[in-house]
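None of these values were measured; they are calculated from a predicted model. Both counts, for ligands and for their atoms, begin at 1 and track the order of listing.
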Amino acid sequence: MQLQNLSVHHPSPVLERTPIRVKEFRVCGMYQVTKLLGMGSFGNVSSAFHVLTGSEVAIKMEVPSDTPTAPVVLPYEALVYNLLRGHPGIPSCKWSGIDRGSHILILDQVGANPQQLRRLCRGEFSLKTVAMLAVEMLDRIEFVHSRGVILRDIKPENFAMGVGEKSDMVYLFDFGLAKLYVDPSTGTHIPFREGRVGLGTPRYASYNVHFGRAEQGRRDDLEALGNVLLFLLHGRLPWQGVYSPSLEAKLLRMGEMKAGPAFRDLLARSPVEFTTYFDHCRGLKFEDKPNYFLLRQLFGQILVKEGWTENTRFDWEDGSSHKGVLLPQEYKLDIRFTKNDVSTLQYVGPYIHYAQIN
Ligand SMILES: Nc1ncnc2c1ncn2[C@@H]1O[C@H](COP(=O)(O)OP(=O)(O)OP(=O)(O)O)[C@@H](O)[C@H]1O
């Protein structure tokens, strides 16, 4: 297929769905809410635009429960966004506070998450695509860790491509379960605790989490990312859909699978770099700093093995040139270069700008 023929703005027959309408109203007097983007465990996220500038944002709202002791998450998440302010690939927080009794967080909008993009790509991501995403995701996680924060809920749905001019950027968002692993008053690592089970999303959680070694650290975020990448590569993880009479038993069973032959079989069906990746993560002690560079290198190695070289160059109609990899069908995940370094990813294809939930 002629790359020049790809029209980025062609509407998608697959994704042209009727948007879920929410009653139109304004937040903070200036943001006109238009539609629902998603529902989380703590509230709804809606799309809105600024009535003067027209800029589009995502508004996360949490209505406090009637029970006064019930935890409120959004003000806490706003603090984390402030800590992470200014880094590319983290939505910037434009405002947070209380409006008409609801906790509000106004954020940059993000687009399709890897799960949705995988479905767009006929349910299959190439190894190159997974490796390219891995490099970017590792960078986001390293940044968050560098600010003294661990995520504790790494899952595909918490990553997304940007929208508009930022559609070439992998974003990391949703910091509702994030936690400081560095004590700000002493600068020391938080102590290790045992006993609490099941925080985050069990499908991707590190095996430690299943066995009550639940005070998570940087190693657990990275192990969870490894599980996310295996999921994106294979489309399924062996511990999905295990049956157990109780949640506790199920978590234990999943943990056993992550520590046993089911996991080894999965690694045997995956590039050897994944084994090195998990060996590194699981070899870390609680307080150890992961070697992010080594982990990124592993996926760079996969890209080279897959035949991706810096000389694979595509020239585009608008005069730009970049280097990329063809996905199944007409979809293309692309690495765009700035100066002489791999910097961002971009999906270029007829449907891609319609990949947001609307
Ligand atoms: N900045 C954003 N731009 C676009 N959509 C967003 C944005 N933030 C959240 N969403 C959408 O809303 C959904 C729920 O948001 P989020 O994950 O932040 O909420 P949560 O209550 O923490 O949910 P969860 O139970 O998944 O942890 C997301 O999966 C996504 O579809």
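- With 3.5 Å as the limit, one finds no donor-acceptor pair spanning the side chains of Q216 and S206.
- Ligand 1 has at least one atom lying under 4.0 Å from a heavy atom of A58.
- Applying the salt bridge (Lys or Arg N to Asp or Glu O under 4.0 Å) rule to pairs touching residues 288-297 yields E142-R296, sequence neighbours excluded.
- Considering backbone and side-chain N/O atoms, D174 comes within less than 3.5 Å of an N/O atom of ligand 1.
- Contact between D108 and ligand 1 is present, with at least one heavy atom of the residue lying under 4.0 Å from the ligand.
- One option in V110, V163, D153, L177 has a heavy atom closer to atom 4 (C) of ligand 1 than any other, and that option is V110.
- Partner L295 forms a side-chain contact (heavy atoms from CB on, under 4.5 Å) with one of L222, T276, L225 and no other, that one being L222.
- Residue contacts with ligand 1: F173 is placed with no nitrogen or oxygen under 3.5 Å of a nitrogen or oxygen of the ligand (distance criterion only).
- A search for ring-ring contact (aromatic ring centres under 6.0 Å, His included) contacts involving Y171 returns nothing, not counting sequence neighbours.
- Residue-level proximity to ligand 1 for K155 is carried by the side chain, the only part with a heavy atom below 4.0 angstrom.
- Surrounding CD of Q240 are more than 12 heavy atoms belonging to other residues, nucleotides or ligands, all under 6.0 Å away.
- Side-chain contact of D183 with T188: a donor-acceptor pair under 3.5 Å is absent, judged by distance alone.
- Close approach of ligand 1 to Q109 is summarised as follows: ligand atoms under 4.0 Å from at least one heavy atom of the residue are 3 (N).
- Not close to ligand 1: E62, with no non-hydrogen atom less than 4.0 angstrom away.
- At a heavy-atom cutoff of 4.0 Å, ligand 1 is contacted by both the backbone and the side chain of S41.
- In summary, the side chains of Y181 and H145 do not present any donor paired with an acceptor at a separation below 3.5 Å, with no hydrogens or angles considered.
- Comparing heavy-atom distances from atom 12 (O) of ligand 1 across L105, N113, V45, T201 singles out V45 as nearest.
- Side-chain N/O atoms of R26 and Q32 include a donor and acceptor closer than 3.5 Å.
- Taking a 4.0 Å cut-off on heavy atoms, K60 registers as neighbouring ligand 1.
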